[in-house]
Structures are given as structure tokens and as C-alpha cells.
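Worksheet: one structure, shown below.
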Amino acid sequence: ALTYPYPHRPAMVRLLLAAKASVHTVCDPADEYAPFAYSVSTMNNDRTNTMAAVEPLLEMMLEAGAKVDQCSRWGYTPLHLACSTGLFELGRFLLRKGADPNARANNGATPLHHACIHVLLVLGLRQQTEVLRLRAAEDAAKEGAALKGGGSTPSSPKEGDSGAAAVERPATVSAKLPVALAEAQDEVVSQLVTPLLAAKAAPSVMEHGLTPLIVACEGGCDALVRLLLAAGHSPLEGRFLGRTALDWANEHPNCECPRL
């Protein structure tokens with residue numbers, strides 16, 4: 001019964017716990033989640049469930065004896081789920097409650113693997129969004145400059161204009177994009193990966209030879225690469241598709257791994 005009250009109904013959970021409902025009974029036949037892990041999974045299914053709404057429910061279950069590292073049939077813990085879906089606040093909450101940052105799923109994946117993969121997914125989406133935003137801003141700047149110059153375009157300043165008075169060409173997308181993405185990298189990495197490393201998440205190799213550093217290098221994420229190297233991750237550990245992290249990094253000329 002505890003599986004079904006969603007996180008925005010802590011009063012029902014309180015009643016069920018008072019009636020001695022079990023926090024250990026597996027109720028989800030697909031993934032075999034116990035109530036605590038299932039409640040965590042609902043946060044991803046319904047992003048309107050804020051941490052402020054869910055935290056009282058999770059606290060009640062933990063006080064009733066739920067294990068913070070309850071795992072599914074696949075070996076995924078709530079911390080795996082939080083990291084794979086980018087639920088930053090939830091991940092930090094679980095770590096404060098003693099969640100194991102080195103818990104290994106059946107395929108050997110740790111929460112750090114999941115966090116690194118999620119970082120790359122987020123950055124990929126942000127890159128697409130940022131390209132569209134910068135292109136729109138550049139087009140708007142060109143139109144404004146053309147109107148201001150009486151119909152001239154930024155590439156064709158009016159005859160007689162001095163260098164200082166000539167219409168300034170807007171910065172190109174290619175010039176601004178690396179800066180915007182670097183800021184996005186730092187933001188996402190600091191919210192998701194830094195707390196795991198602070199909790200002593202260790203280097204590890206999952207199936208197919210994949211390591212967190214290989215994930216970072218394959219995606220060319222400098223901020224993530226630097227952080228993992230500083231935490232002691234080796235660019236020569238693991239082999240994914242026959243290649244080490246260093247091999248993957250060499251495919252990204254702007255990646256920090258070869259230089260470090």
C-alpha cells in the first residue's frame with residue numbers, strides 16, 4: 001500500500017505507517033522497488049513533486065526503518081535514480097542520509113557513472129538551445145544595426161564611416177558558444193558530480209569497460225574531466241570499445257585530458 005501514495009500525500013503515508021504498513025514490501029512488479037525507492041522514482045515521473053513536498057515522506061519512511069540504499073531488481077539504488085535523472089537536491093539529501101556513493105548495480109554502474117552520463121545529456125540539450133538562442137540574438141543585432149545605419153548591414157558599413165563610428169559586427173555563434181557551454185558545464189557538474197566526489201565516490205569500471213572518466217572524455221566535457229582527474233581517476237583505467245579515456249579524449253581537440 002505504501003507504494004501508491006505519491007509524494008504530495010504525506011498525510012496518507014503517515015496513516016499507513018501508523019497502521020504498521022511495511023516499508024520493505026516490494027510492490028512494483030516491473031522493477032521490484034520497495035516503497036522508499038518507488039517514492040524517489042515518482043519524483044522523476046512527475047517533476048511537480050518538489051523536494052520540499054517529498055522530503056517529509058522520505059523522512060517518515062527512513063524513521064520507520066526504510067533503507068536509504070533500497071535497490072531494484074537491477075541493483076539500482078535511490079541515489080542511482082537521483083543521479084541518472086538530475087535530481088540534484090534529492091541526491092544531496094540521500095547522501096546526507098548515508099546513501100552509498102559507491103553502490104554498484106548489477107551491471108557495475110555506480111551513481112557517479114549515472115551522474116556523468118546525465119551531465120553529458122544535459123549539456124547536449126543546452127548546446128542545442130544555446131545555438132538557437134545565440135543565432136536569434138545575432139540575427140536581431142544585425143537587423144537592428146541595419147535599421148540604425150539606414151539600411152546598411154554590419155558587413156557593409158556606410159561609406160565615410162570611421163573605424164570607431166562604423167557599425168560593429170555582432171559576435172558570431174562560434175565565438176560565444178564555448179563560453180556559454182563552459183558556464184553550463186561548471187553549473188551542472190558542481191550540482192551533481194561534486195557532491196558525489198565529496199562523499200568519496202571512487203573510480204570504478206562498469207560492464208563494457210566504461211569508467212566515469214571515459215564518459216567525460218568521450219563527451220569532451222572539460223569541467224568534468226578536470227574534476228575526475230583531480231579526484232584520482234586514471235585516464236588509462238578501463239577500456240570502452242577498445243579505447244581508454246585518453247584515447248577518447250584525443251578525439252576532442254579541446255578536451256583537457258591529453259594536456260593533463
Side-chain angles (χ1 to χ4, degrees), residues 1-28 31-119 122 187-204 206 212 227 231:
L2 271 175
T3 299
Y4 296 97
Y6 288 157
H8 60 280
R9 304 187 67 182
M12 182 180 292
V13 174
R14 188 177 293 108
L15 287 173
L16 290 169
L17 289 174
K20 307 301 182 184
S22 173
V23 293
H24 305 293
T25 302
V26 172
C27 301
D28 182 355
D31 292 310
E32 297 184 4
Y33 284 136
F36 183 81
Y38 185 83
S39 298
V40 168
S41 72
T42 62
M43 286 191 68
N44 181 53
N45 297 335
D46 183 358
R47 291 295 178 123
T48 63
N49 290 326
T50 64
M51 191 60 203
V54 175
E55 188 169 338
L57 175 142
L58 300 179
E59 290 277 13
M60 283 187 283
M61 288 189 178
L62 290 173
E63 290 173 4
K67 296 180 180 178
V68 73
D69 286 324
Q70 284 180 350
C71 60
S72 71
R73 64 184 295 187
W74 313 110
Y76 295 123
T77 67
L79 188 57
H80 279 95
L81 297 175
C83 291
S84 65
T85 54
L87 295 170
F88 309 133
E89 289 185 83
L90 177 60
R92 291 193 291 269
F93 169 83
L94 294 170
L95 288 170
R96 290 196 302 272
K97 294 300 178 180
D100 182 4
N102 295 304
R104 298 176 73 91
N106 297 354
N107 63 359
T110 65
L112 187 57
H113 282 98
H114 282 238
C116 291
I117 292 170
H118 182 78
V119 165
V122 170
E187 176 191 349
V188 178
V189 168
S190 65
Q191 291 188 74
L192 193 57
V193 178
T194 301
L196 287 170
L197 295 176
K200 308 301 182 185
S204 59
M206 63 176 288
L227 194 62

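When a residue number appears, it is its place in the shown sequence, counting from 1. Not measured: the values here are computed from a predicted model.
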- Query: Got a sec, which residues hit salt bridge (Lys or Arg N to Asp or Glu O under 4.0 Å) with E59, two or more places apart in sequence or on another chain?
  - Reply: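 K97.
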Tell me, do [X] and [Y] make a side-chain contact under 4.5 Å, heavy atoms counted?
X	Y	answer
V189	L227	yes
L90	L81	no
N107	Y76	yes
L79	V68	no

What pair of heavy atoms forms the shortest contact from [X] to [Y], and how long is it?
X	Y	answer
D69	G98	OD2-O, 4.2 Å
C83	L192	O-CD2, 3.8 Å
S190	P195	O-CD, 3.4 Å
L112	A202	CD2-O, 4.3 Å
A199	L95	CB-CD2, 3.9 Å

Enter the distance from [X]:[atom1] to [Y]:[atom2] here, rounded to the nearest 0.5 Å.
X	Y	atom1	atom2	answer
N106	C71	CG	SG	7.5 Å
R92	L87	CZ	CG	11.0 Å
T77	K67	OG1	NZ	13.5 Å

Is there a donor-acceptor pair closer than 3.5 Å between any side-chain N or O of [X] and the backbone N or O of [Y]?
X	Y	result
N102	T110	no
H114	P111	no
H80	A109	yes

- Task: Quick one: which residue pairs count as a side-chain hydrogen bond (donor to acceptor under 3.5 Å, both in side chains) with a foot in residues 193-204, not counting sequence neighbours?
- Result: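 Every pair satisfying side-chain hydrogen bond (donor to acceptor under 3.5 Å, both in side chains) with a residue in residues 193-204: there are none.
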